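Note that these values count all heavy atoms, side chains included, but never hydrogens, waters or copies made by symmetry. Counting begins at 1 with the first residue of the sequence. All values derive from a computational prediction rather than experimental measurement.
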Amino acid sequence: MNQTDKVLFNIDTRGVATVTLNQPEIHNAFDDKLILELTDIFSRVNQDQNIRVMVLAAAGKSFSAGADLNWMQRMATYSYEQNLADANALAKMFFILNTIDKPTIARVQGAAFGGAVGLVACCDMAIGSKLSKFCLSEVKLGLIPATISPYVIDALGARIARRYFTTAEVFSATRARRLGLLSEAVVEEELDRTIENLIEHILKNSPAAIREAKQLVFDVQNQPITDELLAKTSEKIAELRVSEQGQEGLNAFLQKRRANWIKE
């Protein structure tokens, strides 16, 4: 893709995919067309097993200001049916991002408002600049953060979400880190180095095990500890112990050598 595109998509030789929102002149606000483009890219990342990790980044001073003004003006004239189709497309994008089967890292600088908080919450990890700001601003417009709510509530917890969903306060990176929306808050000059450190850790690990580990969280969270759950988790580790990568990983450890998924 060239530099005039609204989204840049790059995969390096290590299998690290970088998706960059590239409309700094409008603070990377998104509309229905950008949502479809991101949905397509996230689907490609999910399907391409040569990709090991994905970074979601943004050009310019802001991560994303949320919904584009022109898109909001169009939405105001839509019928219920048109708005429902619009919302379903947005919900699909967030769901696909949330369920990508490899690690996802959000790189956050500047403002992350409205739906952009959903993008951050859907990523497995989020590294933010200490100067970044967050706001769930929908109620100021007479709306609610509906399509992002499953992911933001999962990241923040219900009681914290009840506050910020209703106050539309702007909160700092330090608070976002404390609340769990950000994994780390660092000075902006350290954003890339901090993310690279995470990538280096991920690339040392079994791709198959990473996929299963991420799915494990979805399968186990909020489940009661029953005999059925215990049996399922025991079956899963037994399957991986006899799998190709499970055998390779165990033998590499015992033989004090690199596993074959680690590139020199």
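- Leu8 and Val55 end up in different hydrophobic clusters when Ile, Leu, Val, Met, Phe, Trp and Tyr side chains are linked at under 4.5 Å.
- Looking at Ser129, its side chain does come within 3.5 Å of a backbone N or O of Leu131 through a donor-acceptor pair.
- The two residues Trp261 and Gln245 come nearest to each other via the heavy atoms CZ3-O, 3.5 Å.
- The 12-atom threshold is not exceeded at CZ of Phe253, counting heavy atoms of other residues, nucleotides or ligands nearer than 6.0 Å.
- Classification of Lys6 and Glu37 as a salt-bridged pair fails, no side-chain N sitting under 4.0 Å from a carboxylate O.
- A salt bridge does not link Arg74 with Asp86: every distance from a Lys NZ or Arg NE/NH1/NH2 to an Asp or Glu carboxylate oxygen is 4.0 Å or more.
- Residues Thr39 and Lys92 approach most closely at CG2-CE, 4.1 Å, considering heavy atoms.
- Electrostatic pairing of Arg14 and Glu200 does not count as a salt bridge here, judged by no charged N lying under 4.0 Å from a carboxylate O.
- Leu179 and Leu119 fall within a single hydrophobic cluster, where Ile, Leu, Val, Met, Phe, Trp and Tyr side chains are chained together by heavy-atom contacts under 4.5 Å.
- When atom types are taken as modelled, the side chain of Gln23 and the backbone of Asp5 share no donor-acceptor pair closer than 3.5 angstrom.
- In the hydrophobic cluster analysis, where Ile, Leu, Val, Met, Phe, Trp and Tyr join through side-chain heavy atoms closer than 4.5 angstrom, Ile127 is grouped apart from Leu181.
- Here the closest heavy-atom approach between residue Leu136 and residue Pro145 is recorded as CD2-CB, 4.4 Å.
- In this structure, Ile160 and Phe165 have side chains that are not in contact, with every pair of non-hydrogen atoms separated by 4.5 Å or more.
- The two residues Val117 and Cys135 come nearest to each other via the heavy atoms CG2-O, 3.7 Å.
- Between Arg193 and Glu196 there is no salt bridge, since no side-chain N of the basic residue sits under 4.0 Å from a carboxylate O of the acidic one.
- Using a distance-only test at 3.5 Å, with no hydrogens or angles considered, no donor-acceptor pair links the side chain of Lys61 to the main chain of Gln109.
- Under the 3.5 Å distance criterion, the side-chain polar atoms of Glu248 are matched with a main-chain donor or acceptor of Asn260.
- Side-chain N or O atoms of Glu228 include none that pairs as donor or acceptor with a backbone N or O of Ile225 at under 3.5 Å.
- With sequence neighbours excluded, no residue forms a salt bridge (Lys or Arg N to Asp or Glu O under 4.0 Å) with Asp154.
- Salt bridge status for Asp124 with Lys214: present, with a side-chain N to carboxylate O gap under 4.0 Å.
- Between the side chain of Ser132 and the backbone N or O of Gly128 there is no donor-acceptor pair closer than 3.5 Å.
- Salt bridge absent: Lys232 and Glu235 never bring a charged side-chain N and a carboxylate O closer than 4.0 Å.
- In the displayed structure, Leu254 atom CG is contacted under 6.0 Å by more than 12 heavy atoms of other residues, nucleotides or ligands.
- Environment of CD in Glu244: sparse, with no more than 12 heavy atoms of neighbouring residues, nucleotides or ligands closer than 6.0 Å.
- Listed for the Asn83 side chain is a donor-acceptor partner under 3.5 Å among the backbone atoms of Ser79.
- Contact detail for Tyr151 and Phe94: the closest heavy-atom pair is CE1-CB, 3.5 Å.
- Ring-plane geometry between Phe171 and Phe134 is classed as parallel, the angle between the planes falling under 30 degrees on a 0 to 90 degree scale with a further cut at 60.
- Taking every heavy atom of both residues into account, Ser62 and Asn28 meet most closely at O-ND2, 2.8 Å.
- With Asn46 contributing its side chain and Asp101 its backbone, the two residues share a donor-acceptor pair below 3.5 Å.
- For Glu188 and Lys130, the salt-bridge test fails: no basic side-chain N is under 4.0 Å from an acidic carboxylate O.
- Linking ILVMFWY side-chain heavy atoms closer than 4.5 Å, directly or via other members, places Phe63 and Leu90 in a single hydrophobic cluster.
- Val186 and Val120 fall into different hydrophobic clusters, where Ile, Leu, Val, Met, Phe, Trp and Tyr residues are linked whenever their side-chain heavy atoms come under 4.5 Å apart, directly or through other members.
- Looking only at side-chain heavy atoms (C-beta outward), Val45 and Lys102 come within less than 4.5 Å of each other.
- Checked by atom type, the side-chain pair Gln223/Asp219 shows no donor-acceptor distance below 3.5 Å.
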request  = Just do the salt bridge (charged side-chain N to carboxylate O under 4.0 Å, His left out) check on Glu169 and Lys133 with the steps written out, would you?
outcome  = CA-CA 10 Å; Glu169 297 168 81; Lys133 301 288 184 181; over 6 Å; no
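- Asn205 places a side-chain N or O within donor-acceptor distance of the main-chain N or O of His201, the cut-off being under 3.5 Å.
- Put simply, the side chain of Thr20 never gets that close to the backbone of Ala57: no donor and acceptor are under 3.5 Å apart.
- The residues Arg107 and Asp192 are annotated as salt-bridged, a charged nitrogen and a carboxylate oxygen being separated by less than 4.0 angstrom.
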